[in-house]
There are 2 protein chains.
Amino acid sequence: MSDGSRTSRMRRTSVWLEDRPEARRKASGASQTEGLDREKITAAAVRLLDTEGLARFSMRRLAADLGVTAMSVYWYVDRKDDLLELALDAVEGELEVPDAEAEGADWREQLRQAAFALRGLLRRHPWASGTLGSFLNVGPSAMGFQLGVRRVLLRSGLPEQQADGALAALFSFVYGHAAVEESWNRRCSEAGVSSQDCFDALRTALGARPEYTAGAEAVYPVAERDFGVALECVIAGIEAGTRGGRGPAPQGRATPVIPPQPPSPEDR
Amino acid sequence: MSDGSRTSRMRRTSVWLEDRPEARRKASGASQTEGLDREKITAAAVRLLDTEGLARFSMRRLAADLGVTAMSVYWYVDRKDDLLELALDAVEGELEVPDAEAEGADWREQLRQAAFALRGLLRRHPWASGTLGSFLNVGPSAMGFQLGVRRVLLRSGLPEQQADGALAALFSFVYGHAAVEESWNRRCSEAGVSSQDCFDALRTALGARPEYTAGAEAVYPVAERDFGVALECVIAGIEAGTRGGRGPAPQGRATPVIPPQPPSPEDR
DNA sequence: ACCTGAACACCGTTCAAGT
DNA sequence: ACCTGAACACCGTTCAAGT
C-alpha cells in the first residue's frame, strides 16, 4: 500500500496510497449518527465545493459547516489535499461504469456515453476539473470507470498497445475541454458579464490589433457543438486505427509517423 | 477594449481586456535601465515560476527577487492573476506560428509540429498548464498561435463549421495530457519517489482490492508513446472528416451522430 | 480516541503616507 | 509618478493540552 515515501516529513503521492493506522479506520464497527468520520467529512466537502467553488473552499470553512473546530478535521485527514482527492473520487462515483460485455452494445456509442457522462460530471461539479490537474485521480471510482472504458475500447478491435493512447486521447480531451469551458464560465461570472459580452469585447480588442484582423472574426465562445464535433473526431480516429489504415498506428509501418522529424530535442 | 464590467469592485475577465490608463503605460518614451516596468516584472515572474513552481509563487517573493517592496508591483499590475496571465502569454511567445501558405507544407505534419511544440512548451514551463485551467489564454501570443493553427487546419479541406471542433480536439487534448503528466511528475517528485515506484505502489494497492484485479495490470505511467498514438488518433479523425465519411460530421447526415440518444438531459 | 486553543509562518490586497 | 509600511482578513498546519 505504501509508495515507499513515508520517511519523516515527506508528502504522500495520493491519499489512496496511504498507510492508514488501523486505529483510525473507525474504532467501533458500524456507522454512528454522532461524531465525525471520513464519509461525513467528504460529503460536507463536496457540498461546500459545489456551493462555494474551489477558491473559497478552506479547512476552516468546512469545519464551521460541520459545527466543529478547524483542527478536528485533521484527526481524519492528513491535509487539505487529501480531502480534495477524497471529494474528487466521491463525485466520480456518480459515473456509471460501461459494460463492455453488454448484449448488442456498440463500442462507439458506449464511448460517446462515457465521454458525455464525464463531461456532465465536470459540469455539475465545476471545481473537479481544477483538482484533476493537481492530483493523481487514482481513487476507486476513477479507476473503475477508466478500466471499464478501456475494456469497451478493446472491443473495437484496436490493438492493445494502442488502447492507452486512445484512452488518453479521449479522457485528456474531455478533461481539457471541460477545464477550458469552466475557466471561461468562472471568469465571466466573477466579472458579472455574460459569456457572449466577454467574447464581443475580445473580438473588438483583437480587431484593434493589426496583426489579428485576419481571423479575429473566427473568435467565439467554446461552442456547445464543438464538443460533439471534437468527440466524433477522436472516435473516427480510433476507428481508423482499427482498420489498420491511417490512424493511430505507432510503429512497424512503411512511413513511421511517430516521431516525424523532431523539431527540437526536448520537444519530442 | 473594456468588457463592460468595470463597475466598482468587479473583477476583470482578463488582463487583455483591461482599460489601462494611458498615464501608466510608461510615461517617457523608451526603455530605461532603472526602475520597473511590466516587461521586467513579467520576466521576473516567469523566472520565479520556472524555478519555484506555481504553488510557491507569491507577490512577496517576486518583489523580493526584484529588490523591491511587495506592494510596488501593484503599481504595474492590478492583481496576482493578471501577472500570471502576462507570464503565460510571455512563454507562449516561444511558439512558432505555423505558416499555412508555406510551399509544399503538409497540414498533417504542421499539426503534429504545433502539437509537439505546445507540449514542449508546457513541459519547459510546468506551471503553465496549471494556469491554463484558470485563465482565458487570449493574449496576443496565444491568439496568434491558435489562429495560425486554425488556418493550417482549414487547408486540410475540413469544412469551416468543423474547424473549431477539430481545433478543440487538438488543443484540449494536448493541454489535458500535459496537465495530467505534470501532476504525476509534481506529486512524485514532492514525495521523493520515482514515477515508476509510484506506479508499482498503485498497482499493488489496486491488486489488493478485489474489484480491480481485472485490468489492474494495465495500469502504468502515462507513457511517452501514448501521446503520439493519441495525436495520430486526433489527426486521423480530422482526416476522416475531410473525406466526408465517418468522422466529425455534425449535421445533415442520414444518421446524425450528435446527439445520439441523450443519456440524461443535463449531460448533453 | 477524539477534540480544542493558541500559535507560527505565511498569503493577497487596501490604504494612507511618503518622495 | 512611483514606492513604502502598516494593517486587514484571511490561509494551512503544528503542537501541547484537554476530556
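Proteins come first, then strands; the chains are lettered A, B, ... in the order of their sequence lines, and each starts at number 1.
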Could you state the [atom1]-[atom2] distance from [X] to [N], rounded to the nearest angstrom?
X: A:Met59; N: C:dA9; atom1: CE; atom2: P; result: 21 Å
X: B:Leu83; N: C:dT13; atom1: CG; atom2: C1'; result: 14 Å
X: B:Leu36; N: D:dT4; atom1: CG; atom2: C1'; result: 13 Å
X: B:Arg56; N: C:dC11; atom1: CZ; atom2: C1'; result: 15 Å
X: A:Tyr74; N: D:dA17; atom1: OH; atom2: P; result: 21 Å
X: B:Arg38; N: D:dC2; atom1: CZ; atom2: C1'; result: 15 Å
X: A:Lys40; N: C:dC2; atom1: NZ; atom2: P; result: 12 Å
X: A:Met71; N: D:dG12; atom1: CE; atom2: C1'; result: 8 Å

Is any side-chain N or O of [X] closer than 4.0 Å to OP1 or OP2 of [N]?
X: B:Tyr76; N: D:dC3; result: yes
X: B:Thr69; N: D:dG5; result: yes
X: A:Ser58; N: D:dC11; result: yes
X: A:Trp75; N: C:dC3; result: no

| Residue B:Val68, side-chain atoms from C-beta onward, closest of D:dG12, C:dT14, D:dT4 | D:dT4
| said: Given C:dG12, C:dC11, D:dG12, identify the nucleotide with an atom nearest to the side chain of A:Lys80. | reply: D:dG12
Quick one: does [X]'s side chain have a donor or acceptor within less than 3.5 Å of a partner on [Y]'s backbone?
X: B:Ser14; Y: B:Trp16; answer: yes
X: B:Arg38; Y: B:Tyr76; answer: yes
X: A:Lys40; Y: A:Leu66; answer: no

| field | D:dC8 pairs with, by Watson-Crick or G-U criteria that keep both distances under 3.5 Å | value | C:dG12
| query | If pairing requires Watson-Crick or G-U wobble contacts with both distances under 3.5 Å, which nucleotide is the partner of C:dA1? | reply | D:dT19
| request: Give me the ring orientation class for A:Phe145 and A:Phe171: parallel if the planes are under 30° apart, tilted from 30 to 60°, perpendicular past 60°. | output: tilted
| request: Starting at CG of B:Leu86, measure out to CD of B:Glu39 and round the result to the nearest 0.5 Å. | output: 9.0 Å
| said: With rounding to the closest Å, how many angstrom separate the C1' atoms on C:dA9 and D:dA9? | reply: 16 Å
